[in-house]
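First the structure, in the form of structure tokens, and then the observations on it.
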Amino acid sequence: MLDEVKTQLSQIVSQAVKSVIAKGDLTLTEIPEIQLQAPKSDEHGDLACPLALVLARSAKKAPRAIAQILVEEIEAAPHPLIKRVEIAGPGFMNFFLSNSYLYELLRSIQNQQANFGRSNIGHGERIVVEFVSANPTGPLNIVSGRAAATGDTLVNVLNATGYDAIREYYINDAGGQTLRFAGSVDARYRQLLGQAVEFPEDGYHGDYVTRFAQEIIDAEGARYLQMEESDRLKAFWQIVYPKIQRWQKDDLERFGVYFDVWTREQSIRDAKKPEEILQTLKSRELLYDAEGATWLRLTAFGGDKDCVVIKSDGEYTYITPDMAYHHDKFQRGFDRAIDLLGPDHHAQAGRLQTAMKALGYDESRLRILFVQQVNLVNERGERVNMSKRKGQLITLGELIDQLTGTVDERFAVDVARYFFLMRSSSSHLDFDLSLAIKRAQENPVFYLQYAHARVCSIFTLAKQRNIRRLPLEEVNLEWLQEPEEARLIKKLGEFPEVVQSCARTLEIHHLPHYLQEVAALFHTFYNKCRVLDEAAPELTQARLVLADCVRLVMGNGLSLLGISAPETM
RNA sequence: GCGCCCAUAGCUCAGUGGAUAGAGCAUCUGACUACGGAUCAGAAGGCCGGAGGUUCGAAUCCUCUUGGGCGCUCCA
């Protein structure tokens with residue numbers, strides 16, 4: 001809707017430029033794109049156009065003079081949309097629009113209902129978004145929580161803008177970490193059975209490792225001691241892996257994140273996909289042997305160094321099945337793949353990008369985003385580095401547990417999700433758990449939810465007072481004349497653009513910020529303007545339409561964030 | 001040494017080419033006997049890490065520089 005207004009206005013301006021050139025009042029070889037921006041201040045109108053500033057050089061005229069010529073041309077043929085045009089500052093043309101477009105906006109929101117905010121800029125492009133993908137060697141920590149909230153919302157946003165996106169989790173259930181983890185379980189197993197074994201230095205120290213060992217003893221005793229160590233490790237892995245996977249999945253679901261596809265590295269290996277891509281690379285003469293290993297010539301594609309794909313012991317390095325996995329994503333028909341990675345995977349990301357180029361894929365098809373680290377801050381304000389191996393971490397489950405101590409489970413998830421979503425994912429995040437718990441009650445997410453609940457309460461009260469809403473076409477929206485109403489309506493109209501911008505930039509933190517603004521403008525409106533006024537039934541009807549539009553935008557927005565929109569709190 | 005991320009109000013962060021740089025928290029002052037005070041109105045708080053450059057116009061783009069974080073394995 002706001003788009004349409006902009007399009008209309010930019011046509012008017014561009015028409016004016018053309019006719020001014022035709023008259024010879026302005027000399028230009030080329031008309032630049034006409035920008036229209038919503039000014040921050042009401043004094044600057046509804047939409048501002050800096051065209052005269054842009055043209056100053058090529059037209060060899062002062063910006064204000066150019067603006068003057070254009071404004072005269074525009075005013076010569078009055079348009080119902082434009083109330084007046086002012087020239088301001090260095091040469092901005094500020095358009096003040098007639099309120100009718102605001103009323104159109106409300107009608108448009110009413111007609112679209114839950115679809116308001118949805119669009120089709122994606123044209124059905126198929127995208128696989130891979131995120132979390134934590135090693136199956138322990139519970140998910142809060143960094144994974146941040147990735148989970150981010151990826152989940154990103155997929156919501158993409159699907160709302162006409163892309164066909166899915167959530168995918170890659171399970172590294174076949175690499176070297178698995179045996180290292182099994183080794184840690186084994187060490188605890190033997191320790192618990194009284195053997196004096198030293199715990200591996202690079203092992204996993206978490207309590208849960210000991211718990212797993214104890215569970216094995218409880219179920220099957222000491223019988224694994226009879227086995228060869230390598231067989232025992234494999235057996236332990238088989239026992240422990242499903243438990244961890246279940247654990248991770250439960251935590252994610254508790255957090256409201258459901259993956260569409262879980263891909264196991266083992267299944268990629270079983271399907272001989274790594275061999276397949278190695279064959280392709282070999283046929284292109286991109287592989288060579290050196291120092292007993294097989295290398296991929298990444299330097300031929302702009303990589304800073306070549307990388308090993310088969311180690312001298314015959315095992316693959318991480319990248320080999322990973323390449324195969326990404327190749328598989330494209331084979332499954334996805335136009336684009338987006339990966340959300342932790343910041344400690346920078347080198348891996350660069351290598352993978354280059355490797356996919358070597359496999360013949362256009363660079364633009366794989367986009368790797370980084371969800372920056374989360375530092376845990378302790379009571380003394382010191383940063384604590386989280387490490388899964390050292391068992392020094394806060395798990396996603398613990399986070400929700402702790403928040404649940406102060407608020408309901410549903411709100412605990414809301415608080416945690418909002419905490420992760422409200423800041424840019426490229427920024428580091430200091431997570432002060434004690435503060436987060438303390439602040440749970442006064443968390444900014446409640447500000448948004450309260451706005452939604454407050455709107456809903458208006459309708460509840462209306463019902464109690466037997467105030468029935470008239471059909472939209474019988475409501476006279478001209479009653480909405482207050483500046484607080486105009487500001488709120490304008491903000492509501494931005495919603496589709498905000499969602500689109502999140503989809504285009506893959507930066508979703510704009511959405512929480514936008515909803516915060518909507519909530520603030522609504523609260524202001526609510527304090528200033530009485531909705532249910534029995535002395536003014538027509539005004540009441542018009543304001544009910546506005547209130548309902550706020551309800552829709554807040555509801556649709558919160559739903560994209562995966563945060564509940566309560567009707568009462 | 002090389003690459004990536006970050007630096008904006010006391011604190012946590014938005015703003016990535018437009019007018020007077022914004023919000024939340026914290027601080028201070030106020031608000032209707034009326035739709036939910038989990039709210040609102042207002043005050044105070046800033047050489048946008050620093051220095052050059054591009055531009056009509058820079059927190060934003062380029063170069064250099066300072067400080068912090070993370071990578072640079074035949075680990076994942």
Side-chain angles (χ1 to χ4, degrees), chain A residues 35 37 39-41 43-44 48-50 52-57 62-63 88-92 94 133-135 137 172 174-178 180-181 202 265 290-295 304-305 307-319 322 342-351 370 372-373 375 381 383 385 419 422-424 426-430 432 435 439 441-444 446-447 449-451 453-462 464-465 467 505 507 509-510 512-514 516-517 519-520 522-534 540 543 547 568-569:
Chain A
Q35 305 172 50
Q37 39 204 231
K40 289 171 204 158
S41 154
E43 290 165 38
H44 297 145
C49 178
L53 297 163
V54 178
L55 293 179
R57 174 169 282 235
F92 286 97
N94 292 336
S133 295
N135 282 337
T137 51
N172 294 121
Q177 290 296 324
T178 61
R180 181 170 301 156
F181 182 74
D202 57 355
E265 181 185 343
E291 302 162 51
T294 305
W295 296 69
D304 51 351
K305 54 181 84 161
C307 73
V308 171
V309 289
I310 303 175
K311 296 190 264 185
S312 49
D313 65 3
E315 286 291 326
Y316 296 136
T317 54
Y318 181 79
I319 195 172
D322 203 27
D344 49 336
H345 293 68
H346 258 123
Q348 174 197 325
R351 272 201 298 270
F370 294 96
Q372 285 294 338
Q373 66 188 101
N375 295 310
R383 283 185 182 174
N385 282 329
F419 202 98
M422 66 190 291
R423 359 167 94 75
S424 155
S426 61
S427 291
H428 298 190
L429 172 60
D430 283 344
D432 185 329
L435 196 66
R439 289 270 174 79
Q441 304 273 20
E442 48 198 81
N443 194 287
F446 292 132
Y447 185 77
Q449 295 180 317
Y450 182 61
R454 210 177 204 187
V455 186
C456 291
S457 77
I458 297 173
F459 290 99
T460 311
L461 189 68
Q464 284 167 10
R465 293 194 189 163
I467 300 172
T505 60
E507 290 275 356
H509 65 282
H510 298 113
H513 282 274
Y514 167 76
Q516 205 276 335
E517 288 172 347
F522 168 70
H523 286 310
T524 301
F525 156 79
Y526 183 87
N527 276 281
K528 173 85 188 299
C529 308
R530 165 153 286 267
V531 176
L532 300 178
D533 185 347
E534 264 135 291
T540 296
R543 285 187 172 159
T568 56
M569 291 177 71

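Everything numeric in this text was worked out from a predicted model, so none of it was measured. Here is how names work: the chains are called A, B, and so on, in the same order as the sequence lines, proteins then strands, and each is numbered from 1.
- Here A/Asn94 lies in heavy-atom contact (under 4.0 Å) with a base.
- At a threshold of 4.0 angstrom between heavy atoms, the contacts of A/Ala88 include nucleobase atoms, whether or not backbone atoms are also involved.
- Contact annotation for A/Thr178: no contact, since no heavy-atom pair falls under 4.0 Å across all strands.
- Atom pair A/Ile458:CD1 and B/rG36:C1' shows a separation of 10 Å (rounding to whole Å applied).
- Using a 4.5 Å heavy-atom cutoff, the side chains of A/Thr317 and A/Ile310 are not in contact.
- Taking the C1' atoms as reference points, B/rU66 lies 23 Å from B/rG10, given to the whole Å.
- If you check every strand for non-hydrogen atoms under 4.0 Å, A/Gln516 touches sugar and phosphate atoms only.
- Across every strand in view, B/rA43 sits in a pair with B/rU27 that passes the Watson-Crick or G-U test at under 3.5 angstrom.
- For A/Gln348 and B/rC5, the CD to P distance is 17 Å, given to the nearest whole Å.
- B/rA14 is unpaired under the criterion used here, namely a Watson-Crick or G-U wobble arrangement in which both key atom distances are under 3.5 Å.
- B/rU63 and B/rC2 are spaced 14 Å apart, taking the P atom of each and rounding to whole Å.
- Among the heavy atoms of the strands lying under 4.0 Å from A/Tyr526 is at least one base atom, whether or not backbone atoms are also near.
- Among the heavy atoms of the strands lying under 4.0 Å from A/Leu53 is at least one base atom, whether or not backbone atoms are also near.
- Remark: the separation of the C1' atoms in B/rU27 and B/rG45 is 10 Å, to the nearest Å.
- Remark: B/rG3 base-pairs with B/rC70; criterion is Watson-Crick or G-U wobble with both hydrogen-bond distances under 3.5 Å.
- Residue A/Ala347 is classed as a sugar-phosphate contact, given heavy-atom separations below 4.0 Å to backbone atoms only.
- Using atom P as the reference point in both B/rC72 and B/rG52, the two lie 38 Å apart (nearest Å).
- Of the P atoms belonging to B/rU73 and B/rU12, the separation is 34 Å, rounded to the nearest Å.
- For A/Phe92 and A/His44, the ring centers sit 6.0 Å or farther from each other.
- Among the nucleotides B/rA34, B/rA38, B/rA19, the one closest to the side chain of A/His44 is B/rA19.
- Base contact: A/Ala453 has a heavy atom under 4.0 Å from a base atom.
- Across B/rC74, B/rU39, B/rC35, the shortest atom-to-atom separation from the side chain of A/Leu532 is found for B/rC35.
- Base-pair partner of B/rA51: B/rU63 (Watson-Crick or G-U wobble, both distances under 3.5 Å).
- Nucleic acid contact class of A/Met569 (heavy atoms, under 4.0 Å, all strands): base.
- The distance between atom CG of A/Asp313 and atom P of B/rC74, rounded to the nearest whole Å, is 12 Å.
- In this structure, A/His510 places its NE2 atom 17 Å from P of B/rG22, rounding to the nearest Å.
- If you check every strand for non-hydrogen atoms under 4.0 Å, A/Lys305 touches sugar and phosphate atoms only.
- Note on A/Glu43: a base of the nucleic acid sits closer than 4.0 angstrom, heavy atoms only.
- Note: CD (A/Glu507) to P (B/rU60) measures 18 Å, nearest angstrom.
- A distance of about 35 Å separates the C1' atoms of B/rG1 and B/rG15, rounded to the whole Å.
- When heavy atoms are screened at a 4.0 angstrom cut-off, A/Ala462 is found touching no nucleic acid atom at all.
- With rounding to whole Å, A/Gln372 atom CD is found 13 Å from B/rA7 atom C1'.
- For the C1' atoms, the distance from B/rC64 to B/rG22 is 30 Å, rounded to whole Å.
- Base engagement by A/Cys529 is indicated by at least one non-hydrogen atom pair under 4.0 Å involving a base atom.
- Ring centers of A/Phe370 and A/His345: at least 6.0 Å apart, outside the cut-off.
- Between the side chains of A/His346 and A/Gln348, no donor-acceptor pair is found at a separation under 3.5 Å.
- B/rC74 atom C1' lies 13 Å from atom CD1 of A/Ile319, rounded to whole Å.
- Under the Watson-Crick and G-U wobble criteria, each requiring two contacts below 3.5 Å, nucleotide B/rC35 is left unpaired.
- If you take NE2 of A/His346 and C1' of B/rC6, they are 11 Å apart, rounded to a whole angstrom.
- Contact check, A/His509 against B/rG15: a side-chain N or O comes under 4.0 Å of OP1 or OP2.
- Taking atom P on both nucleotides, B/rA21 is separated from B/rC48 by 11 Å, rounded to a whole Å.
- Residue A/Val309 is out of contact with every strand shown, counting any heavy-atom pair closer than 4.0 Å.
- Within the 4.5 Å cutoff, the side chain of A/Met422 has heavy atoms near those of the A/Pro444 side chain.
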